[in-house]
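Okay, structure first, notes after.
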Amino acid sequence: MKSKKTIYYIFTALLSIMMILSSGMYLFNNDEVVLEFQKVGFPTYIIYPLAFFKIAGLIVLWFVKNKSLKEWAYAGFFFNFLLALSAHINVNDGDFPGAIIALVLLAGSYFSYKKLG
């Protein structure tokens, strides 16, 4: 049981670091993020809400006991990462590895969370 928790904490911590860095960039390096969003065809008005929801999702993963809310947080991250991957592949800019890493970390966190259940 202890090794299952350790695996969950490692994947979730790495995912959290990635999301905190991403949200920080959205908030504090907004001009560059706007250009990236325009390049992949996403509306720029979603930058600040995405930053907020990434942080909110992390709070749910770490501190909320409600399983339904955790499922929603995981689903939100999944769709965000999948859309990012799709957008980068569609514009062929080569910036898709970050989305793949995020999906792998998310899968590791989610499936190890389910094994704890």
Side-chain angles (χ1 to χ4, degrees):
M1 180 70 166
K2 186 174 172 128
S3 64
K4 288 180 184 179
K5 262 191 180 177
T6 302
I7 291 168
Y8 168 74
Y9 285 134
I10 289 170
F11 275 111
T12 307
L14 292 172
L15 176 67
S16 298
I17 291 167
M18 192 171 192
M19 291 303 94
I20 289 168
L21 292 173
S22 171
S23 295
M25 215 172 125
Y26 284 18
L27 297 172
F28 302 115
N29 198 3
N30 190 267
D31 293 338
E32 186 177 320
V33 175
V34 164
L35 293 175
E36 285 296 314
F37 270 58
Q38 289 172 337
K39 180 175 74 174
V40 296
F42 285 166
T44 58
Y45 62 82
I46 66 170
I47 293 171
Y48 289 119
L50 270 176
F52 170 79
F53 284 115
K54 285 181 179 187
I55 299 300
L58 292 178
I59 290 168
V60 168
L61 293 186
W62 284 104
F63 301 112
V64 176
K65 301 289 185 208
N66 185 303
K67 291 184 179 194
S68 294
L69 280 179
K70 283 190 187 255
E71 291 288 336
W72 277 101
Y74 278 118
F77 283 130
F78 175 74
F79 287 115
N80 178 246
F81 303 156
L82 193 62
L83 287 170
L85 176 63
S86 172
H88 286 296
I89 289 172
N90 284 333
V91 297
N92 199 23
D93 65 1
D95 287 342
F96 61 87
I100 292 174
I101 292 168
L103 283 166
V104 169
L105 294 175
L106 182 70
S109 176
Y110 179 75
F111 290 116
S112 60
Y113 162 71
K114 295 303 264 183
K115 286 187 178 184
L116 291 175

Atom pair [atom1]/[atom2] of [X] and [Y] - distance to nearest 0.5 Å:
{"X": "N30", "Y": "L35", "atom1": "CG", "atom2": "CG", "answer": "9.5 Å"}
{"X": "S23", "Y": "I47", "atom1": "OG", "atom2": "CD1", "answer": "12.0 Å"}
{"X": "H88", "Y": "S86", "atom1": "NE2", "atom2": "OG", "answer": "10.0 Å"}
{"X": "L50", "Y": "L27", "atom1": "CG", "atom2": "CG", "answer": "10.5 Å"}
{"X": "F53", "Y": "N80", "atom1": "CZ", "atom2": "CG", "answer": "11.5 Å"}

Should [X] and [Y] be counted in the same cluster of Ile, Leu, Val, Met, Phe, Trp and Tyr side chains packed under 4.5 Å apart?
{"X": "I101", "Y": "Y8", "answer": "yes"}
{"X": "I59", "Y": "L105", "answer": "yes"}
{"X": "I20", "Y": "F28", "answer": "no"}
{"X": "I17", "Y": "F11", "answer": "no"}
{"X": "L15", "Y": "L21", "answer": "no"}

For [X] and [Y], work out which heavy atoms get closest and say how close.
{"X": "G94", "Y": "P97", "value": "O-CD, 3.4 Å"}
{"X": "L61", "Y": "K70", "value": "O-NZ, 2.6 Å"}
{"X": "G98", "Y": "M18", "value": "O-CE, 3.0 Å"}
{"X": "F42", "Y": "A87", "value": "CZ-CB, 3.6 Å"}

Side chains of [X] and [Y]: does their closest heavy-atom pair fall under 4.5 Å?
{"X": "N90", "Y": "V40", "value": "no"}
{"X": "E71", "Y": "Y110", "value": "yes"}
{"X": "D95", "Y": "E36", "value": "yes"}
{"X": "M19", "Y": "I55", "value": "no"}
{"X": "I46", "Y": "F37", "value": "yes"}
{"X": "Y113", "Y": "K67", "value": "yes"}
{"X": "L103", "Y": "F78", "value": "yes"}

Checklist entry - Can you say whether the rings of W62 and Y9 are parallel (under 30°), tilted (30 to 60°) or perpendicular (over 60°)? => result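 Ring orientation of W62 relative to Y9: parallel.
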
Next on the checklist: Is the ring pair F77/F81 parallel, tilted or perpendicular, if the boundaries are 30 and 60 degrees?
Outcome noted: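 The rings of F77 and F81 lie parallel, inter-plane angle below 30°.
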
Checklist entry - Would you say the side-chain atoms of S109 and Y74 include a donor-acceptor pair closer than 3.5 Å? => result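 There is such a pair (donor and acceptor under 3.5 Å, judged by atom type) between the side chains of S109 and Y74.
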
